[in-house]
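Dropping the structure in here first, questions after.
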Amino acid sequence: MADQPAGVDDSLLEFLHMEAVKMLQTVSTGHGMNNAITKLDTMGFRVGIALMERCALDVMRFKDELDMMRFLCKDFWLSTFLKQIDNLRTNHQGVYVLQDSQFRFLTNVSDSTQYLSSAPSLLAFSCGVVRGALFNLGLTCSVTAEVTNLPACKFHVTMI
């Protein structure tokens with residue numbers, strides 16, 4: 001696929017993400033939105049494991065948990081979401097907040113308040129990707145996302 005333009009793969013991923021969210025929302029209308037969010041999170045978890053396997057292939061061992069989070073925010077985020085995370089905060093007790101002011105899967109969503117209610121389903125896949133990537137590094141965690149104004153979002157990572 002060397003003859004494809006540079007952005008083709010990126011566009012396909014964004015379209016696939018939008019269609020997966022749309023399909024699961026449509027299928028899960030009778031069963032509740034939580035079912036769709038769980039399925040998207042599980043899909044993202046499997047993708048995150050595979051992406052981290054490829055991304056961390058030639059990386060030396062990490063010293064500690066914070067070192068793994070820095071790798072996630074710089075190298076992994078760049079290869080997965082095409083930019084580094086804007087801000088990483090921690091309380092040094094297993095809670096991390098990753099802030100992204102222009103999150104890739106939210107940049108094409110209108111910034112009106114009517115779309116804030118659909119943000120959890122739009123971010124469920126990405127939460128799963130982060131959780132799967134950290135699982136591949138040996139960290140078990142829960143990941144939630146928060147959106148106050150689009151396209152910015154915060155991922156809350158809590159180590160278990």
By side-chain hydrogen bond (donor to acceptor under 3.5 Å, both in side chains) - contacts of Gln99 (at least two apart):
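Gln99 satisfies side-chain hydrogen bond (donor to acceptor under 3.5 Å, both in side chains) with Asn87 only.
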When rounded to the nearest 0.5 angstrom, what distance separates CD in Gln84 from OG in Ser79?
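One gets 10.5 Å once the value is rounded to the nearest 0.5 Å.
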Would a single hydrophobic cluster contain both Leu78 and Val59, if residues Ile, Leu, Val, Met, Phe, Trp and Tyr are joined by side-chain heavy-atom contacts under 4.5 Å?
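No, no single cluster joins them.
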Are Met69 and Thr90 packed together at the side-chain level, in the sense that at least one heavy-atom pair is separated by less than 4.5 angstrom?
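Result no, sub-4.5 Å side-chain heavy-atom pair not found.
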With hydrophobic residues grouped by side-chain heavy-atom distances under 4.5 Å, do Leu106 and Val130 end up in a single group?
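In one cluster: yes.
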If I compare all heavy atoms of Leu40 with all of Ser121, which pair ends up nearest, and what's the gap?
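Nearest pair, atom of Leu40 first, then Ser121: CD1-O, 3.4 Å.
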Determine the minimum heavy-atom distance between Ala145 and Leu123, stating which atoms define it.
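Closest approach of Ala145 to Leu123, heavy atoms only: CB-CD1, 3.6 Å.
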Please say yes or no: joined through hydrophobic side-chain contacts below 4.5 Å, possibly via intermediate residues, are Phe45 and Leu122 part of one cluster?
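They do not share one cluster, since no chain of ILVMFWY contacts under 4.5 Å joins Phe45 to Leu122.
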On a heavy-atom basis, which atom in Cys141 and which in Leu134 lie closest, and how many Å separate them?
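It is SG-CD1, 3.7 Å.
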Sole residue of Thr158, Val143, Leu66 in side chain to side chain contact (heavy atoms under 4.5 Å, CB included) with Tyr96:
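So, applying the side chain to side chain contact (heavy atoms under 4.5 Å, CB included) to Tyr96 and each of Thr158, Val143, Leu66, only Leu66 qualifies.
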Check Leu98 against Cys73 and note the closest heavy-atom contact, atom names and distance.
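Answer, listing the atom of Leu98 first, then Cys73: CD2-SG, 3.6 Å.
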So which pairs with a foot in residues 84-95 pass salt bridge (Lys or Arg N to Asp or Glu O under 4.0 Å), sequence neighbours left out?
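Only Lys83-Asp86 qualify under salt bridge (Lys or Arg N to Asp or Glu O under 4.0 Å).
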Relative to each other, are the rings of Trp77 and Phe155 parallel, tilted or perpendicular (30° and 60° limits)?
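Trp77 and Phe155: perpendicular rings.
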Can you say whether the rings of Phe103 and Phe105 are parallel (under 30°), tilted (30 to 60°) or perpendicular (over 60°)?
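Perpendicular, since the angle between the ring planes exceeds 60°.
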Which pairs count as salt bridge (Lys or Arg N to Asp or Glu O under 4.0 Å) when at least one residue sits in residues 129-151, sequence neighbours excluded?
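Residue pairs passing salt bridge (Lys or Arg N to Asp or Glu O under 4.0 Å), neighbours aside: Asp41-Arg131.
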All N/O donor-acceptor pairs, side-chain side in residues 46-53, below 3.5 Å, sequence neighbours left out:
{"residue": "Glu53", "atom": "OE1", "partner": "Asn136", "partner atom": "ND2", "Å": "3.2"}

ILVMFWY clustering at 4.5 Å (side-chain atoms), partners of Val97:
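Via sub-4.5 Å side-chain contacts, Val97 links to none.
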For residues Ala133 and Phe76, report the shortest heavy-atom separation together with the two atoms involved.
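Scanning both residues completely, I find the closest heavy atoms to be CB-CZ, 3.6 Å.
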When you group the ILVMFWY residues by side-chain heavy-atom contacts below 4.5 Å and let the links chain together, are Val95 and Phe135 in the same group?
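In one cluster with Phe135: Val95, no.
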Can you list every pair that meets salt bridge (Lys or Arg N to Asp or Glu O under 4.0 Å) and has a residue in residues 57-75, with sequence neighbours left out?
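Found none.
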Considering non-hydrogen atoms only, spot the tightest contact between Val147 and Ala152 and give its length.
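The answer is CG1-O, 3.6 Å.
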